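So the structure is just underneath, and the comments pick up after that.
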Amino acid sequence: MNVLTLLIFIPLLFGLVIALVPSQYRGSFKFITLGATLVQLCISIWIYLHFQNGAAFGGIMHEDEFQFVQKLPWINLNLGTLGKMQIEYFVGIDGISVTLLVMTSIILVIAALSSWEIKTNLKGFFILFLILDMAVIGVFCSLDFFLFYLFYELMLLPLYFLIGMWGGVRREYAAIKFFLYTLFGSVFMLLVMIGLYLSVKDPATGNHTFNMVQMMNPANFTHGSIFATLSDLTIFGVQARTLGFIVLFIAFAIKVPVVPLHTWLPDAHVEAPTPVSIILAGILLKIGGYGIIRVCVSIFPDVATNNAFWLGLLGVISILYGALNALAQRDLKRLIAYSSVSQMGFVLLGIASQSAEGISGAVMQMVSHGFLSTMLFFLAGVIYNRVHDRDINNFRGLGSLMPKYTVFIMIAFFASLGLPGFSAFIAEAFSLMGVFKSPSSNGPLPYWVAALGAVGILFSACYFLWTLQRMFFGQLKLKGGDGWKTALTDLNFREVATLLPLAALTLALGIMPSLVFSKINDSVLLLVQFLQK
């Protein structure tokens, strides 16, 4: 069996085991789920270690650029005069995919460990958790658009129930809002996917195809088709390729999230249980960034080039808007949620630069933020599980009461604000560097875009340091008095064992960014050549 197929469907196998185990043994469900994520982590590390660098640069995407490929016929239909429809089970990864796969596997282990706080309906929770696990891994591995869309949509259902059934007081509102936002983008993505299918033919068979790699080659678009590269077809007065790019971008921008499509995120984070918040921030947001790179930019490079300024502007708006909103928050979880909006803006800014430095910075930011947001939401969950309160103003002097917790929150805060030596510094520096290196032939991004992005880093220092000062320094003062003082015990062994790898990874990536850059370099250079061709 192909190693990627094994990686994708292991959670489904473990989910079936949980479904068959009688509910009286519900205490074993968390161990089965943890076992599934640990097996995935081992496989993803093996894939990372055996991934071969050295792509053949030519400015055109080929299937040979992807590794661990498996292609099998899946759905075959004879449409008579319209030819044959063949949908393939087509999986494979490049350097960008492999780094995000390892990141996802690590975060899923952390999410599984944090799921031990769930006390009700354990069988349902862990089965949905493993279905979600399968879907997110499938998205990063899929190279057939139909298969990609299937996994992309499959994420929606378990997340809806995980938020709506195990969330906070306003969980139904948050779950419905998340569902409607995501579905809005996905429905129109389906229309563009069909349009791309009818526009692209496989040169080997002459049939229309959902093969995403074939869609990345302009020569495979049939003359006169809706998304042909030289087509003058307009829809509602907008050039068809531009409209296709916009629709796909909106679908993925909702996931990132890009302002003004971000409003589902704070509500979903606040109401979601800790493991779901970890998956939302650590993985789901990265699927949005990955989709922009893999689908929007790679299939519509001309539109991405012509509208690079607007993409960069949206990135800067997200950076500043998210940071200013984070400054105004009293709920710790909501503050972290808005900080995610701000920090993911650097991903869009790096992509918009269309330079090797900027795109490398964007990928590094996705990996860095994946680990840091996981760490921050886990730490917020620790406080909430002990006293069921997250209001920053209700805590003072926690440093003297919870010294180990304070050490980890300081690491997470300083790393997130871009302190040199940590992963976020490398990511943000390269994203900003990409603005200055954006190719002049594409209409370079103006330098003031980078300046505004740097202001966002300054704001992040403000809200993280202000939160640190209010909650952890000074004389001990808690809203709940002695009851809270007793409940706020320091980190236990499981919590320390969960946080240590995350802290080590953010430090390791800051000192040795080549752990990411060495794997993504060839894929990024190929994409940049493709954009500039």
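From a predicted model like this one, the values you see are computed outputs, not experimental measurements. Positions are given from 1, in the same order as the sequence printed here. Note that these values count all heavy atoms, side chains included, but never hydrogens, waters or copies made by symmetry.
Here H262 contributes atom NE2 and L285 contributes atom CG; the two are 12.0 Å apart, rounded to the nearest 0.5 Å. In this structure, OG in S97 is found 11.0 Å from CD1 in I137, a value given to the nearest 0.5 Å. Distance check: S44 OG to L7 CG gives 6.5 Å after rounding to the nearest 0.5 Å. Atom CD1 in I8 sits 4.5 Å away from atom SG in C141 (nearest 0.5 Å). Atom OG of S342 is separated from atom CG of L327 by 9.5 Å, given to the nearest 0.5 angstrom. Note that CG of L502 is 8.5 Å distant from CD1 of I278, once rounded to the nearest 0.5 Å.
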Under the criterion side-chain contact (heavy atoms from CB on, under 4.5 Å), I'd like the reasoning laid out for F395 against D389: C-alpha separation, chi angles, the key distance, then a yes or no. CA-CA 9 Å; F395 301 89; D389 193 293; 3.8 Å; yes

For V276 and H269: C-alpha separation, side-chain torsions, deciding distance, then whether side-chain contact (heavy atoms from CB on, under 4.5 Å) applies. CA-CA 8 Å; V276 179; H269 274 312; over 6 Å; no

Verify side-chain contact (heavy atoms from CB on, under 4.5 Å) between I411 and L507, making sure each step is shown before the conclusion. CA-CA 9 Å; I411 291 171; L507 182 60; over 6 Å; no

Assess whether side-chain contact (heavy atoms from CB on, under 4.5 Å) is satisfied between L488 and I383, documenting all intermediate values. CA-CA 7 Å; L488 285 169; I383 289 284; 4.1 Å; yes

Would you please test F346 and H369 for ring pair (Phe, Tyr, Trp, His ring centres under 6.0 Å) and show each step? CA-CA 10 Å; F346 284 98; H369 182 260; over 10 Å; no

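The environment of W46 atom CH2 is dense: over 12 non-hydrogen atoms of other residues, nucleotides or ligands sit within 6.0 angstrom. Around the CZ atom of R26, the shell of radius 6.0 Å holds no more than 12 heavy atoms that belong to other residues, nucleotides or ligands. Surrounding CD of Q24 are more than 12 heavy atoms belonging to other residues, nucleotides or ligands, all under 6.0 Å away.
Under the 4.5 Å side-chain criterion, counting only non-hydrogen atoms from C-beta, L401 is in contact with K485. Between L130 and L12, every side-chain heavy-atom pair lies at or beyond the 4.5 Å cut-off. Within the 4.5 Å cutoff, the side chain of L4 has heavy atoms near those of the I47 side chain. In this structure the side chain of V3 reaches within 4.5 angstrom of the side chain of I43, judged on heavy atoms. Annotation: side chain of I292 is in contact with side chain of V297 (closest heavy-atom distance under 4.5 Å). Between L478 and L398, the closest side-chain pair of non-hydrogen atoms falls below 4.5 Å. Looking only at side-chain heavy atoms (C-beta outward), F517 and F430 come within less than 4.5 Å of each other. Side chains of R396 and Q475 form no contact here, defined as non-hydrogen atoms less than 4.5 Å apart.
When all heavy atoms of L348 and G315 are compared, the closest pair comes out as CD2-N, 3.7 Å. What you find for E117 and P275 is that their closest heavy atoms are OE2-CD, 3.9 Å. Nearest heavy-atom pair, A323 versus Y463, reported as atom, atom and distance to 0.1 Å: O-CD2, 3.6 Å. Taking every heavy atom of both residues into account, L311 and F249 meet most closely at CD2-CE1, 3.6 Å. Considering every non-hydrogen atom in both S353 and G350, the closest pair reads OG-O, 2.7 Å. Taking every heavy atom of both residues into account, L349 and G312 meet most closely at CD1-O, 3.9 Å.
By the 30° and 60° cut-offs, the orientation of the rings of F184 relative to F188 is perpendicular. Between F413 and F464, the ring planes lie tilted relative to each other; the angle falls in the 30° to 60° range.
Formation of a donor-acceptor pair under 3.5 Å by the K177 side chain with backbone atoms of T263 is found in this model. Between the K286 side chain and the A281 main chain, a donor and an acceptor come within less than 3.5 Å of each other. Between the side chain of K123 and the main chain of A19, a donor-acceptor pair closer than 3.5 Å is present. For the pair R386 (side chain) and T489 (backbone), a donor-acceptor distance under 3.5 Å is present. The main-chain N or O of L34 is found under 3.5 Å from a side-chain atom of T37 such that the two form a donor-acceptor pair. With E271 contributing its side chain and I163 its backbone, the two residues share no donor-acceptor pair below 3.5 Å. Using modelled atom types, no side-chain atom of R390 and backbone atom of A380 make a donor-acceptor pair closer than 3.5 Å. In this structure a side-chain-to-backbone donor-acceptor pair under 3.5 Å is present from S318 to V259. In this structure, E495 contributes its side chain and N492 its backbone to a donor-acceptor pair below 3.5 Å.
Residues Y149 and S186 bring no donor and acceptor atom of their side chains to less than 3.5 Å of each other. Judged purely by distance below 3.5 Å, without hydrogens or angles, the side chains of T182 and Y160 never pair a donor atom with an acceptor atom.
No close placement of the F414 and F422 rings is indicated, their centers lying 6.0 Å or farther apart.
Listed by first and then second residue, the side chain to side chain donor-acceptor pair (under 3.5 Å) pairs involving residues 404-414 amount to none (not counting sequence neighbours). Among residues at least two apart or in separate chains, ring-ring contact (aromatic ring centres under 6.0 Å, His included) pairs with a member in residues 112-136 are F31-W116, F125-W166.
Between K519 and the options V102, V363, V98, a side chain to side chain contact (heavy atoms under 4.5 Å, CB included) holds for only V98.
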